[in-house]
Protein chains: 2
Amino acid sequence: MENYLKCIYNLYVQNDTILLTDLADYMNVKAPSVNSMIKKLAKNGWVKYEPYKPIKITVSGKRRAAEIIRKHRLTEMFLCEMLEFRWDEVHHIAEQIEHINAPEFFERIDMLLGYPKSDPHGSPIPDKYGAITAQAYKRLSDCAKGELVTLKALNRSDESLLKLLTNKNIHLGCTLTVKEIEQYDGSITLKLSDKVYIVLSKTVCDNLMVL
Amino acid sequence: MENYLKCIYNLYVQNDTILLTDLADYMNVKAPSVNSMIKKLAKNGWVKYEPYKPIKITVSGKRRAAEIIRKHRLTEMFLCEMLEFRWDEVHHIAEQIEHINAPEFFERIDMLLGYPKSDPHGSPIPDKYGAITAQAYKRLSDCAKGELVTLKALNRSDESLLKLLTNKNIHLGCTLTVKEIEQYDGSITLKLSDKVYIVLSKTVCDNLMVL
DNA sequence: ATAATAAGTTAGACATATCTAAAAATACAA
DNA sequence: TTGTATTTTTAGATATGTCTAACTTATTAT
Ligand SMILES: [Mn+2]
Ligand SMILES: [Mn+2]
Ligand SMILES: [Mn+2]
Ligand SMILES: [Mn+2]
């Protein structure tokens, strides 16, 4: 249920109402599984369900989702900061630890980390009341030629994207100058440092959030 | 399955063969639940099962149990040492985290803690191959009048026992002198420090392992 | 040795979470 | 508007882990 709710929340951020089919795709289950789970979530008051209508997350659902996302992101931060994992190694562990029911545990982790505001991928960590501070970042792919920006967060942090970025020496906080934008496919040539130039595809740049 | 196996291991330490009924009691489930679970554990080669015979844990079962116990005890140690939880607060959290499937996670915790040999209750932490170093401690209740001993471990670490000890200022490593043994009920008067004398019941002393 | 008690097993139920196949409702498009 | 495609739902199966009630086997005591 927690994984469903988290997924619903993520889809909701992109689009107010959610198609059962999309949820099934993201969860890697079939439509009937989602259909029956949604009814349970609705019973808990976390989503609004009416037959044949798209799914809507409720206020209490958002709060509940934020709790789980908070645990996930605090865990990822803990793994990177305290246990020195790389940013591409933490997600699958956090995916498990986020379900641990022990508020004091996450409170202590939070304290130990000095109350971080974002996770190792730049995503905001909800506070313990479920409030998430919106980030005013823009896509690197929306930047103009000549702009100098700082990498602040990733949109989706698939392991393969993280590895690609690591290989190219790109990390949160690094500064990028847009040198060239290819009209044909939207790929961007960036200046990373003094003599280091790299080319990133549009697909990659869509997922890099900068300021 | 992991909780069953851990429980089987704990019972095995006390008694080579295990009664299904005892396991049911410890697991807080009914006999038919144990009966069906035992068959699954047997399929995995972790226990030997023959109808109407007592349960025997196999070598591979012991190794598997030790893995889980290792995760449990490392977690408890981490909670006390790094997150500053008290020894009576850690068990229920460890009971959950022991099921996390992420060997690298526990390796890092182990490293961060400096490869501890025992948990906050003095129980030995199995190494990553499942080997447990036996402890040569004796019960405080088996000590003679006049003996001076050090508290090394607890036999069973129920939250209520831990709280009782904390209230009386007794912790691992503290030295105790046996001053008086009451013939009637086996209760013991101990000298804790210069002018601090306390009385502990036989039941408590049975669970205090000393050297 | 027999009866009583304890321990273990089976059958059948329920809850959870998943699936496939088929049916129903809705949306879209010619 | 009418047919096609998409989305959602239902029915029925499978798997896991639990339960109660009833039955069987083993142990213990007289
Ligand atoms: Mn993640
Ligand atoms: Mn998860
Ligand atoms: Mn414990
Ligand atoms: Mn457990």
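Residue numbering restarts at 1 for every chain, and letters A, B, ... go by the order of the sequence lines.
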N or O in side chain of A/S33 less than 4.0 angstrom from C/dA17 OP1/OP2
no

Has A/K39 got a side-chain N or O lying under 4.0 Å from the OP1 or OP2 atom of D/dT10?
yes

Length of the CG-C1' vector between A/N28 and C/dA17, whole Å:
15 Å

Base, sugar-phosphate alone, or nothing: which one does A/P32 contact when heavy atoms must sit under 4.0 Å apart?
base

For the residue pair A/H72 / A/E76, report whether a side-chain donor-acceptor contact shorter than 3.5 Å exists.
yes

Out of C/dA17, D/dT7, C/dA21, which has the shortest distance to the side chain of A/K40?
C/dA17

Send over the distance from B/N35 CG to D/dA21 P, rounded to a whole Å.
18 Å

Ignoring backbone atoms, test whether B/T21 places a side-chain nitrogen or oxygen under 4.0 Å from the OP1 or OP2 oxygen of C/dG8.
yes

In this structure, CE of B/M111 is separated from CD of B/E104 (nearest 0.5 Å) by 12.0 Å

Do the side chains of A/I198 and A/I170 get nearer than 4.5 Å, heavy atoms only?
yes

Is a salt bridge present between A/E67 and A/R63, judged by a nitrogen-to-oxygen distance below 4.0 Å?
no

Distance in angstrom units between B/D25 CG and C/dA6 P, rounded
13 Å

Quick one: is C/dT9 close enough that its OP1 or OP2 comes under 4.0 Å of any side-chain N or O from B/Y49?
yes

Is the A/F78 ring parallel, tilted or perpendicular to the B/F78 ring (thresholds 30°, 60°)?
tilted

Please report, rounded to the nearest Å, how far the P atom of C/dT16 is from the OH atom of A/Y4.
14 Å

Please determine if a side-chain N or O atom of B/Y52 lies less than 4.0 Å away from the OP1 or OP2 oxygen of C/dT10.
no

What is the separation between atom CG on B/D22 and atom P on C/dG8, rounded to the nearest whole Å?
8 Å

Between A/M27 (CE) and D/dT8 (P), how many Å, whole number?
16 Å

Over how many whole Å does the gap from B/L19 atom CG to C/dG8 atom P extend?
5 Å

Between P of D/dC23 and NZ of B/K30, the distance in whole Å
20 Å

